[in-house]
Amino acid sequence: MSRSLRLALCAASLWFTPALAAAQAAAPRDTARSAPAARPADVESIDAIVRAVYDVISGPAGQPRDWNRFRSLMAPGARLIPTGKRADGAGVLRVWTPEEYIANAGVQLERSGFFEREIGRKMERYGNVVHLMSAYDSKRALSDPAPFARGVNSFQLFFDGTRWWVVTIYWEAETPGNPIPPALLFAK
């Protein structure tokens, strides 16, 4: 091997090593120490983590939610992204950290009562990456005869070899002009 090739390989390894180290440092498994410990049953499978998300945000009016449990489901850098429409019909979205979600949506969930459940899903998986379209309905009380809202949550999930993490939840409410596609609903 020529001296110039050895120098080039050495220089390349110096560049890749910090980049690789930075990527590894950002991985959820390596930074999970800052998040509350998750209940093992909440993060053992795709079904478990989705069920845990719906469970932790749901509850009657006046009941505090277990926000540390919520935090334990979220990957470092996780985002929650509600979408909607302005009065002029233009689409809008907000991008929240888990802490911003708790501050912005959590107060309302606890004040008014909120029960959300999955009513259908479609999932795609490639290795440790999952994209899950989860149709939902929302009620203020479990006894409500009909939901006040329905829509679709787009979950992006990651498996680190030990547990599942929520990377993103991105959602849109159903409207008369944009109904949930029947293919996303569980058969009755």
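Computed over heavy atoms, backbone and side chain alike; hydrogens, waters and symmetry mates excluded. Every value quoted in this text rests on a predicted model; they were computed, and no experiment measured them.
Glu174 places a side-chain N or O within donor-acceptor distance of the main-chain N or O of Ile180, the cut-off being under 3.5 Å. Counting only distance, with no hydrogens or angles, the side chain of Arg125 and the backbone of Gly127 share a donor-acceptor pair below 3.5 Å. Side chain of Gln108 to main chain of Ala105: no donor-acceptor pair is present (N/O by atom type, distance under 3.5 Å, no hydrogens or angles). Of the possible donor and acceptor atoms, none in the side chain of Asp42 sits under 3.5 Å from a partner among the backbone N and O of Ala38. Under the 3.5 Å distance criterion, the side-chain polar atoms of Asp55 are left unmatched by any main-chain donor or acceptor of Arg51. The backbone N or O of Val92 sits nowhere less than 3.5 Å from a side-chain atom of Arg86 that would complete a donor-acceptor pair. At least one donor-acceptor pair closer than 3.5 Å links the side chain of Thr83 to the backbone N or O of Trp171. No donor-acceptor pair under 3.5 Å is formed between the side chain of Arg94 and the backbone N or O of Pro82. Checked by atom type and distance alone, the side chain of Asp160 pairs as donor or acceptor with a backbone atom of Arg163 at under 3.5 Å.
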Side chain to side chain contact (heavy atoms under 4.5 Å, CB included) between Ser72 and Arg39, intermediate numbers included | CA-CA 8 Å; Ser72 78; Arg39 298 176 185 179; over 6 Å; no
task = I would like to know whether Glu116 and Ser58 meet side-chain hydrogen bond (donor to acceptor under 3.5 Å, both in side chains); could you show each step before the answer?
result = CA-CA 6 Å; Glu116 192 165 87; Ser58 295; over 6 Å; no
Practice problem: Using the side chain to side chain contact (heavy atoms under 4.5 Å, CB included) rule, take Phe186 and Glu118 through it: C-alpha gap first, then chi angles, then the decisive distance, then the call. | Solution: CA-CA 9 Å; Phe186 293 136; Glu118 186 175 48; 4.0 Å; yes
Handout entry: Trace of the side chain to side chain contact (heavy atoms under 4.5 Å, CB included) decision for Phe114 with Arg65
Key = CA-CA 11 Å; Phe114 184 80; Arg65 303 308 190 262; 4.1 Å; yes
Next item on the list: Before giving the answer on side chain to side chain contact (heavy atoms under 4.5 Å, CB included), spell out for Thr97 and Arg79 the whole-Å C-alpha distance, their side-chain angles and the decisive distance to 0.1 Å.
Entry: CA-CA 5 Å; Thr97 66; Arg79 294 292 180 255; 3.3 Å; yes
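Residue Phe159 places its CZ atom among more than 12 non-hydrogen atoms of other residues, nucleotides or ligands, all under 6.0 Å distant. Summarising the local packing, OH of Tyr126 is surrounded by 12 or fewer heavy atoms from other residues, nucleotides or ligands at distances under 6.0 Å.
Placement of Val152 and Ile57 in two distinct hydrophobic clusters is found when ILVMFWY residues are connected by side-chain heavy-atom separations under 4.5 Å, directly or transitively. In the hydrophobic clustering of ILVMFWY residues, with side-chain heavy atoms under 4.5 Å counting as a link, Tyr170 and Val166 come out apart. Cluster annotation: Trp67 and Ile169 are assigned to the same hydrophobic cluster (Ile/Leu/Val/Met/Phe/Trp/Tyr, side-chain heavy-atom contacts under 4.5 Å, transitive). Residues Leu80 and Phe158 do not share a hydrophobic cluster, clusters being chains of Ile/Leu/Val/Met/Phe/Trp/Tyr side chains in contact below 4.5 Å. A continuous path of Ile, Leu, Val, Met, Phe, Trp and Tyr side chains, each step under 4.5 Å between heavy atoms, connects Tyr136 with Phe148, placing both in one hydrophobic cluster.
Residues Ala78 and Met74 approach most closely at CB-CB, 3.8 Å, considering heavy atoms. Scanning all heavy atoms of the two residues, the minimum distance from Gly62 to Pro64 falls at O-CD, 3.4 Å. In terms of heavy-atom proximity, Arg140 sits nearest to Ser112 at CD-O, 3.6 Å. Nearest heavy-atom pair across Leu132 and Ser134 is CD2-CB, 3.5 Å. Residues Asn178 and Glu172 share a closest heavy-atom pair of ND2-OE2, 3.2 Å. Counting all heavy atoms, side chain and backbone alike, Leu185 lies closest to Ala135 at CD2-CB, 4.0 Å.
The closest side-chain heavy-atom distance from Val50 to Asn153 is not below 4.5 Å. Counting heavy atoms from C-beta on, the side chains of Asp47 and Met123 never come closer than 4.5 Å.
Rounding to the nearest 0.5 Å gives a distance of 8.5 Å between CH2 of Trp165 and CD1 of Ile49. A distance of 7.0 Å separates NE2 of His131 from CD of Glu124, quoted to the nearest 0.5 Å. Summarising the geometry, atom CD1 belonging to Ile102 is positioned 5.5 Å from atom CZ belonging to Phe70; distances are rounded to the nearest 0.5 Å. To the nearest 0.5 angstrom, Gln63 atom CD is 11.5 Å from Leu109 atom CG.
Under the 30°/60° scheme for interplanar angles, the aromatic rings of Tyr54 and Phe155 are found to stand perpendicular.
The pair Arg71-Glu99 meets the salt-bridge criterion, with a side-chain N (NZ, NE, NH1 or NH2) lying under 4.0 Å from an Asp/Glu carboxylate O.
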